[in-house]
Amino acid sequence: MIDVRNDLFIDGAFRPALTVERISLINPVSEEVIGMVPAADAADVAAAVQAARRAFPEWSRRPPEERALVLDAIADAYEARGEEFRALITLQNGSPSWWTELTNAAPIYRLGAAAARNFPLEVPFELLGRKALVHRQAIGVVGAIAPWNAPQVLMAGKIAMALAAGDTVVAKPSPETSLDAYLLAEVFQEAGVPNGVVNIVTGGAVTGEALVRNEDVDKVAFTGSTSAGRAIAEICGSLLRPLSAELGGKSAAVLLDDADLEHFTSVLNRECIPYSGQVCFSATRVLVPRTRFADTVDAITTTLRATPYGDPDDPGTIIGPLVSERQRDRVRGYIRGALTDGATAVLGGDRDSDFARGYYVDPTVFVDVEPEMPVFREEVFGPVMSVLPYDDEAEAVSLHDATPYGLSGVVFSADIERATDFARRLATGRVLVNAVSPPPHRYDGFGVSGFGGGGGGLYRIADYVNTKVISQPG
Ligand code: NAD
């Protein structure tokens, strides 16, 4: 059955879209059309922004505790529909259930409630006999744009913190994952979110650009690729509009010479190619001491050969398809390019998968990779790993930092302090030591991986307020 939507969520209701243009959604396993949604145009976007603008004065004046109660209600309503979210997301983006489970957004809305309750909106200061108040207030209308790989959790990071701060929102999901955005709109209705406080417009880059350019948007919060982030930053730069940009990555896993190889292979799928490598923090570059190189390559290929690969609806599946035909072709292009450049595929390679249908790319492991090769430097966003040897730690640091990105990373060692010390030397926004306990906070990227925060962590409410100083006499 094809889910056809002709409406957009504006001012608390599902209203017919003005545009006649539609986007088809395709299931990555069956390659069949499963839905159609409007490609909202500038007039649709303007209607949503105006609704958000009208809702702003009342919402921003509400006491933080009242906003927190609404965020708690969103989390409750989201949880009640959790199974529907999981099924719809996997249907659209083909993420295996273990990954879809991880991207449950209810805790993020609860984090928003906690942020509203705990973030001090006013801090008094006294210095040199002068009194002042540092006063934080909502910015206005936030344009929130998210990708498809963790659609709800990445959108929630923006909406939760914006609402906590008193801002109102126009959200634009990725076209690949639009249907769960309609479910989210129902959740907002069920939770009693006041009309216009959150509005949702579906569409692709053209819709996103209309939102970024709209004159009544006060801040843009974006998560997505570095190339789209650059285009958005150019517009925001010319308008002097604040922007949070969470962008691409090309992360690395570094094994120090005392690393536990068994532990590394036990977390390899989660850290190196989660959701077929379609995650910003995927540590697809693996840097290994030369003395342990052969053993590590063997362990990686043995692990991947034994990893359940196939239908994402099967609860045992660890590696599923890529999200779209375009993404599959792009990843295959990187694999072909690496082979042409002289890399050797010890697993996978430029071959069609054994599946009769679906956008599958077999897990591929390259050796003989040089740091200048695109497969090493660029974000492939697929199940493609490069394993490189290093001779000493200085070379490991230099290889680690040899891309323009700096989003995440993992260091493996038997000695936590040694790994932590090594982590201090890396140019990246987050390092997991032994990948044991991912920190609860979101993080900023270095280099072309972004700037300005965006959402997800408790302190991220600070990205959604303006700060002013009120000087008092006496
Ligand atoms: P994308 O940049 O193609 O699209 C992301 C969103 O931006 C979509 O909603 C898209 O419609 C919209 N968009 C695209 N071009 C736009 C433009 N010019 N103006 C306005 N909106 C535009 O990315 P994607 O393929 O959906 O997602 C994958 C990318 O997201 C990867 O690069 C990944 O690393 C990155 N990502 C980063 C993080 C992070 O926290 N840093 C998290 C998840 C994903």
Side-chain angles (χ1 to χ4, degrees), residues 23 25 28 37 39-40 42 45 92-93 95 99 102-103 108 143-158 170-178 180-181 200-214 217 220-236 239 241 243-251 274-284 322-324 326-328 330-331 378-382 403-409 428-430 438 441-457 460 463:
I23 294 175
L25 278 73
V37 298
V45 169
Q92 296 169 97
N93 72 5
S95 51
W99 175 254
L102 275 184
T103 65
I108 307 289
I145 301 177
W148 43 264
N149 59 348
Q152 286 298 329
V153 86
L154 292 168
M155 192 57 97
K158 300 165 182 50
V170 176
K172 193 208 79 66
S174 187
E176 289 84 351
T177 44
S178 301
D180 55 309
I200 303 178
V201 291
T202 52
V206 174
T207 307
E209 195 180 319
L211 181 57
V212 173
R213 282 193 189 283
N214 185 287
V217 168
V220 175
F222 172 74
T223 304
S225 61
T226 293
S227 59
R230 197 168 266 134
I232 290 170
E234 275 177 23
I235 300 170
C236 288
L239 297 170
R241 179 164 294 169
L243 167 67
S244 303
E246 299 178 318
L247 308 178
K250 185 70 187 180
S251 299
Y275 176 24
S276 304
Q278 299 176 111
V279 175
C280 56
F281 62 72
S282 304
T284 51
L322 299 194
V323 69
S324 62
R326 187 174 67 94
Q327 189 64 17
R328 180 199 54 196
R330 188 172 167 272
V331 172
E378 296 175 15
E379 186 179 45
V380 175
F381 232 48
T403 83
Y405 295 99
L407 193 61
S408 186
T428 190
R430 176 184 84 166
H441 300 302
R442 301 274 308 157
Y443 44 95
D444 283 332
F446 286 21
V448 303
S449 289
F451 54 84
R460 290 304 198 197
D463 302 331

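As the structure lists them, so they are numbered: ligands from 1, and atoms in each ligand from 1. Values below: every heavy atom of this structure, side chains too, minus hydrogens, waters and symmetry copies.
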Original post:
For ligand 1, which atoms, with element, lie under 4.0 Å from some heavy atom of Ile232?
Top reply: 19 (N), 20 (C), 21 (N)
**OP:** Among all protein heavy atoms, pick the one closest to atom 11 (O) of ligand 1 and tell me residue, atom and distance.
**Re:** Lys172 NZ, 2.9 Å
**OP:** Determine, counting only non-hydrogen atoms of the protein, whether one lies under 4.0 angstrom from atom 1 (P) of ligand 1.
**Re:** yes
Subject >> Side-chain heavy atoms of Leu102 within contact of Val153, under 4.5 Å >> reply: no
Original post:
If you measure only the distance, is there a donor-acceptor pair under 3.5 Å linking the side chains of Lys158 and Thr223?
Top reply: yes
Subject >> pair Phe451-Leu243: side-chain heavy atoms closer than 4.5 Å >> reply: yes
**OP:** Would you indicate which of Leu247, Val323, Ile145 comes nearest to atom 12 (C) of ligand 1 when only heavy atoms are counted?
**Re:** Ile145
Original post:
Should Thr223 be counted as touching ligand 1, given the test is an N or O pair under 3.5 Å?
Top reply: no
Subject >> Numbering as shown, the atoms of ligand 1 that approach Pro175 to under 4.0 Å (heavy-atom distance) >> reply: 11 (O)
**OP:** State, yes or no, whether a side-chain contact exists between Lys250 and Thr284 at a heavy-atom distance under 4.5 Å.
**Re:** yes
Original post:
Is there a heavy atom of Gly445 sitting under 4.0 angstrom from any atom of ligand 1?
Top reply: no
Original post:
So, Arg230 side chain and Val448 main chain: donor-acceptor pair closer than 3.5 Å or not?
Top reply: no
**OP:** Report the C-alpha separation of Ser276 and Gln278 in whole Å, then their side-chain angles, then the decisive distance to 0.1 Å, and conclude whether the side-chain hydrogen bond (donor to acceptor under 3.5 Å, both in side chains) test is met.
**Re:** CA-CA 5 Å; Ser276 304; Gln278 299 176 111; 4.7 Å; no
Original post:
Below 4.5 Å, heavy atoms only, C-beta onward: do Ser282 and Pro274 meet side chain to side chain?
Top reply: yes
Subject >> Interatomic distance, Asp444 atom CG to Glu246 atom CD [nearest 0.5 angstrom] >> reply: 8.0 Å
**OP:** Enumerate the atoms of ligand 1 whose separation from the nearest heavy atom of Leu154 is less than 4.0 angstrom.
**Re:** 42 (C), 43 (C)
Subject >> Contact check: Arg326 vs ligand 1, nitrogen or oxygen atoms, below 3.5 angstrom >> reply: no
Original post:
Mind checking whether Gly204 has a heavy atom under 4.0 Å from ligand 1?
Top reply: yes
Original post:
Got the closest protein heavy atom to atom 27 (O) of ligand 1, with its distance?
Top reply: Pro147 CB, 3.3 Å
Subject >> Spacing of Ile232 atom CD1 and Arg213 atom CZ [to the nearest 0.5 Å] >> reply: 11.0 Å
Subject >> Nearest neighbour in protein (non-hydrogen) for atom 16 (C) of ligand 1 >> reply: Ala205 CB, 3.7 Å
Subject >> Shortest protein heavy-atom distance from atom 40 (O) of ligand 1, along with the residue and atom involved >> reply: Arg442 NH2, 2.7 Å
Original post:
Does Gln327 reach the main-chain N or O of Phe381 with its side chain, forming a donor-acceptor pair under 3.5 Å?
Top reply: yes
Original post:
Out of Ala146, Gly224, Pro173, whose heavy atom is nearest to atom 6 (C) of ligand 1?
Top reply: Ala146
Original post:
Closest non-hydrogen protein atom to atom 21 (N) of ligand 1, residue and atom name please, with distance?
Top reply: Gly208 CA, 3.6 Å
**OP:** Check each atom of ligand 1 against the heavy atoms of Leu407 and keep those under 4.0 Å away; list them by number with element.
**Re:** 41 (N)
**OP:** Quick one: look up the protein heavy atom nearest atom 44 (C) of ligand 1 and list residue, atom name and how far away it is.
**Re:** Asn149 ND2, 3.5 Å
Subject >> Nearest-contact summary for atom 7 (O) of ligand 1 - protein heavy atom, Å >> reply: Phe222 CE1, 3.1 Å
Original post:
So do Val45 and Thr207 actually touch side chain to side chain, heavy atoms under 4.5 Å?
Top reply: yes
Subject >> Heavy-atom pair of closest approach, residues Val212 and Cys236 >> reply: CG1-SG, 3.9 Å
Subject >> For Phe381, the ligand 1 atoms whose distance to one of its heavy atoms is below 4.0 Å >> reply: 28 (C), 31 (C), 33 (C), 34 (O)
Original post:
Do Val170 and Val217 come close enough that some side-chain heavy atom pair is under 4.5 Å?
Top reply: no
Subject >> For atom 34 (O) of ligand 1, closest protein heavy-atom neighbour >> reply: Glu379 OE2, 2.5 Å
Original post:
Quick one: which of Ala39, Gly229, Ser225 has a heavy atom closest to atom 3 (O) of ligand 1?
Top reply: Ser225
